[in-house]
Each structure stands twice: as C-alpha cells, then as structure tokens.
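Beneath this line is the structure, given in structure tokens, with notes to follow.
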Number of protein chains: 2
Amino acid sequence: MESTPLSQAALVQIRRVPLFAGLAPEALGWLLESAQVQSCPRDTVLFEAGDPASQFYVVLDGRVELFMRSAGTRRSVIDVLGPGETFDVAAIFDVGRYPTGARTVEDAELVVVPRDSFVARLSENFDLVLSLMASISRHLRGLVRQVGELKLKTTGQRLGSFLLGLTDAETGHSTVRLPYDKRLLASRLGMQPESLSRAFGTLREIGVHGENDRVVIDDLTALRTYCEENGIPR
Amino acid sequence: MESTPLSQAALVQIRRVPLFAGLAPEALGWLLESAQVQSCPRDTVLFEAGDPASQFYVVLDGRVELFMRSAGTRRSVIDVLGPGETFDVAAIFDVGRYPTGARTVEDAELVVVPRDSFVARLSENFDLVLSLMASISRHLRGLVRQVGELKLKTTGQRLGSFLLGLTDAETGHSTVRLPYDKRLLASRLGMQPESLSRAFGTLREIGVHGENDRVVIDDLTALRTYCEENGIPR
DNA sequence: ACCGCCACTTGACGAAGATCAATGAGGGTG
DNA sequence: CACCCTCATTGATCTTCGTCAAGTGGCGGT
C-alpha cells in the first residue's frame, strides 16, 4: 500500500466524480492540495469501525466494501463502492469515528483527502458545500431504501431490485453485468450465498436468466411488478 | 392542522435543537424568518414517499414516524422522531423528493422550514453548515447501524440494543421508559408485535423486566454482552 | 355497571431463510 | 496433467420468525 501525491492524470479522473463535477481544474487542485493517492492490493483493511476519522476517500479504481463485524470473523456488508464514488465523507463532520470498517475487494486506487484542509477550503466555496450535501443525501437515501427493503421484501425481491438498479432501461428486456462476485452480493443484500442462488432460481420463473456474471432480464416491467408487490414504491 | 408564524416561545424551544444550538437569538430569528409552526393532530400524514420536498421539519412536541409503504396498507417504520429532532433536512439538497412518508403518531407541533430562504441564508453562516453536516451525519450513522442490526442480529438482540440506547448509564441497573407504544416499536425494529412480545420474553431470562412502558434492566453489562455476541461493536 | 374497543399476550402452525453437507465447475500451481 | 483451492449450486434439515386465532386486561363511553 503506497501513497503518492496527486498526479495530473488522477486529477482528470477526479473531475468525473459527481462531488467534484463542475469545479474548475485549478480550484480542484487547490482543494485537494494535501490529498494523496493510495494504491491498495486486494483485501486490504483500510480501517475498522470506531477508528478515528480524519480523512475521507474517493475511489478512482477498484471496489471497496463497507462492513460491520460481528463476533468472530463474520462480516456484514453495508455497501460496496466503485470508481467515482466517495465514502465516509459524513464521518468527518460527526463524532469523528468511522461507523463501519472498509476493505478493498479488488486492487484499488484511492484518493485520500485529509479533513482539516478540506474543511477549511470548503468554507470558501459554497457550491461545493451544496454538492457535498447532495452527495451525502444520496448516500442517505440509499440507506433508507436498504432499510425498507430489508424490513419488507423477500430475498427474491431484494435481488430483483438490485438487478433493476443496474440498468438504465425502463421497459422491455435488458442485460446487466454483476459488478462483483456472488458471495459479496449476498452479503450486500443481507442473505447467505445459498439463499442468493435460490433467489436466482425463483427469478428464473419470471424471465431472469443468468450465466456467470451476465444476467438477462426478459421483461423489466414484469420484474418491477414482482419486486413491488408487497414491496416499495420506487 | 393549522399554521402560524413562529412565536417567541417557539424560538426559545428551537434554540435547544442541536442543529441550531449556539446560534445567537437574532441570527436564528433571521434564519427562520419564513418558517411556520404547524399543529398537527395525531395520525396526520405530512407527506408520502416521492412527494416533492421543498421544506424540512423540526419537531417541537409530539412524535413523527418516517415510513415506507408496501402494497396495500402495510407500513414499515424507518425511524421515529421526538422533540428536538429534525427530519428530511437531507431531502432538500438531493433530488428534492422525500425518500419516506411521514406521519404524526401523537398530536404534534412542528416547525416547517422552507428550502429556498434557508439555503440562501445558509451560505452566509458557515458554522451552521458544519452543524447541518453533523446533524445529517448523525442521522446517517443511525441508519448504518440499523442496516447492520437488521442484517445480523436476532429480534431479541435488536430489542436489547434499542433498550440500551434509552439509558445513559454504563453499568449496573437501569430503568427506562418506552417512548412509544409496542406496535410502533415492533415496526421500528423490523418485526411483528407478536415477535416483540416474545423478544421481551427471552430478555426476561437475562434480567430485563417490563410492565407497561417501564422496563427495568438488572445488569446493563450482561445485556450488552447478549446484544453483541454475534453482534455489532458499539 | 355494562359493553365494546384496543393494545398486548400466548399458543399453534407454516413458510422463509439459515445451516450443514456434498458435488461440480473453473483457475492457478507444482 | 494432477492437484488444490475457491466459488457456486443443490439437497436435506433445523431455526426463526410471521401468520392466524383466541384470550386477557384496561379504558372510555353510554
């Protein structure tokens, strides 16, 4: 796990992150002056829940899981983040402790942004404040959705909702790619890998066919109906 | 449901809200110039999930539940808020739609703060920005915790964790009062009322005795151990 | 005082999902 | 190629929780 200052190439990538979109390049460079890029091999634990939080992260490449640990080695995955997403932005404004642990599930490139200089510069850029709020709010919305789904959907419906979230199409059929392996997906959806397999089995009956990480949804509308009966309005 | 401008008495109450603590009275009056106080009888639906969000709320008195609806009339409660708490602050920064519905579960007094004037004034008070971030972050932390508990705790452990959250004491025994009725509590904890009854039954074996809305915990440490085996670190 | 309503509890049963165990399909390594 | 290891699937069984039904006690209204 090595750290280097931000390269020009990294800056270009960061400009695609929603949080920083719309910022002038020089403003961005100034904002992230003391940020570093960190290359982490697969399966690196970045921090554990409860560790003091003095920085936040932006994923440039690879994937990171946010998890909670239970007694023993059991992990439950709260969320999985890919390129362009930020995490633990909120932690630095709160009590200053991470609410979850974080671990790379692939080799990853991360931008590490230290709190103090970032906050100081935030005070001089109100647009960025709004952008930051929007980012945190999106994250919050995702969690609310997840709580709702855990409370009132079956495994099949949760899987279906997840698949629907992977496509932009509204009606008709669609092919999606699972962004990570099924073990991780099962944990993210709050079930065991075996239950995920069976959930794919039940969805097969309503026209969802998968092989490896490719999944074909024959009829998006039908799947959406299935997921929302006794379910959640979008 | 009637609306009135903010009274002096209401302003005094609002100063106790964490979000606004530390603001000078005149700054607060200016900030909330276009806010209104709304008196809502029990069981008023303030908005449904998906409604456009152009304001946020502060609870002065009473309680409000945030819920998601499933097909039919089934509701699942995401959170219950009491005096001094704010809700849907985040919604106004995001896509502008409420992620949940909201309903009063008691007669309630609410402060309604319209988005536009609030955001405009926010830009001139950076301390308030930080306070707002902290408030949203706390909310987010609560949701993360809830997701973790739903994914890896039993009904008994979830109830235990909830009870532990009601007391300030660290060790020894403690008496707490349930802040709302058991039907609502069950939904908040993601279970049926019958399961909540049985969960109280299992906790009785480790020294948790309840009658009506009073619950006596004989040994906080024992309960904490029970909740965290296979559970979540605090 | 009586009745009815509502919140809560308890019991019996069934369904969903977890757990345990066995098997097969790649993928890398000696 | 043989070997091993991990991931995924499938079947059998068990546990937990939801569902349905009945029963209790409190509280307000007539």
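Naming convention: chains lettered A, B, ... in sequence-line order (proteins, then strands); numbering from 1 in each chain.
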How many whole angstroms separate atom [atom1] of [X] from atom [atom2] of [N]?
{"X": "L185(B)", "N": "dA7(C)", "atom1": "CG", "atom2": "P", "answer": "15 Å"}
{"X": "D43(B)", "N": "dC6(C)", "atom1": "CG", "atom2": "P", "answer": "13 Å"}
{"X": "E211(A)", "N": "dT9(D)", "atom1": "CD", "atom2": "P", "answer": "12 Å"}
{"X": "E194(B)", "N": "dT24(D)", "atom1": "CD", "atom2": "C1'", "answer": "15 Å"}
{"X": "F200(A)", "N": "dT10(D)", "atom1": "CZ", "atom2": "C1'", "answer": "16 Å"}
{"X": "R204(B)", "N": "dT10(C)", "atom1": "CZ", "atom2": "C1'", "answer": "11 Å"}
{"X": "L196(A)", "N": "dT19(C)", "atom1": "CG", "atom2": "P", "answer": "15 Å"}
{"X": "L184(A)", "N": "dT6(D)", "atom1": "CG", "atom2": "P", "answer": "17 Å"}

Requested in this report: Verify, without hydrogens or angle tests, whether D94(B) (side chain) and A91(B) (backbone) share a donor-acceptor contact under 3.5 angstrom.
Outcome: no
Query raised in the report: For C40(A), does its backbone N or O pair with a side-chain atom of T44(A) as donor and acceptor, under 3.5 Å?
Result: no
Query - Residue pair K151(B) / Q146(B), side-chain donor-acceptor N/O under 3.5 Å - result: no
Report task. Classify the side-chain pair H173(A)/D219(A) by whether it contains a donor and acceptor separated by less than 3.5 Å. Result -> no
Inspect the contact between [Y] and [X] and indicate whether a charged nitrogen and a carboxylate oxygen are less than 4.0 angstrom apart.
{"X": "E65(A)", "Y": "R188(A)", "value": "no"}
{"X": "E194(A)", "Y": "R198(A)", "value": "no"}
{"X": "R97(A)", "Y": "D51(A)", "value": "no"}
{"X": "R145(B)", "Y": "E149(B)", "value": "yes"}

Nucleotide N/O of nucleotides 12-18 of chain D paired with protein N/O under 3.5 Å:
residue, atom, partner, partner atom, Å
dA12(D), N6, R198(A), NH2, 3.2
dC17(D), OP1, T155(B), N, 3.1
dC17(D), OP2, T155(B), OG1, 3.3
dG18(D), OP2, S195(B), OG, 2.4

Requested in this report: Between dC8(C), dT19(C), dT9(C), spot the one nearest the side chain of S197(B), thanks.
Outcome: dT9(C)
**Report entry** Nucleotide of dT9(D), dC20(D), dC8(C) approaching R183(B) most closely (side-chain heavy atoms)
**Finding:** dC8(C)
**Report entry** R42(B) vs E106(B), salt bridge (charged side-chain N to carboxylate O under 4.0 Å, His left out): CA-CA, chis, key distance, verdict
**Finding:** CA-CA 4 Å; R42(B) 187 173 176 287; E106(B) 305 170 3; over 6 Å; no
Distances for protein N or O near nucleotides 24-28 of chain C N or O, under 3.5 Å:
none

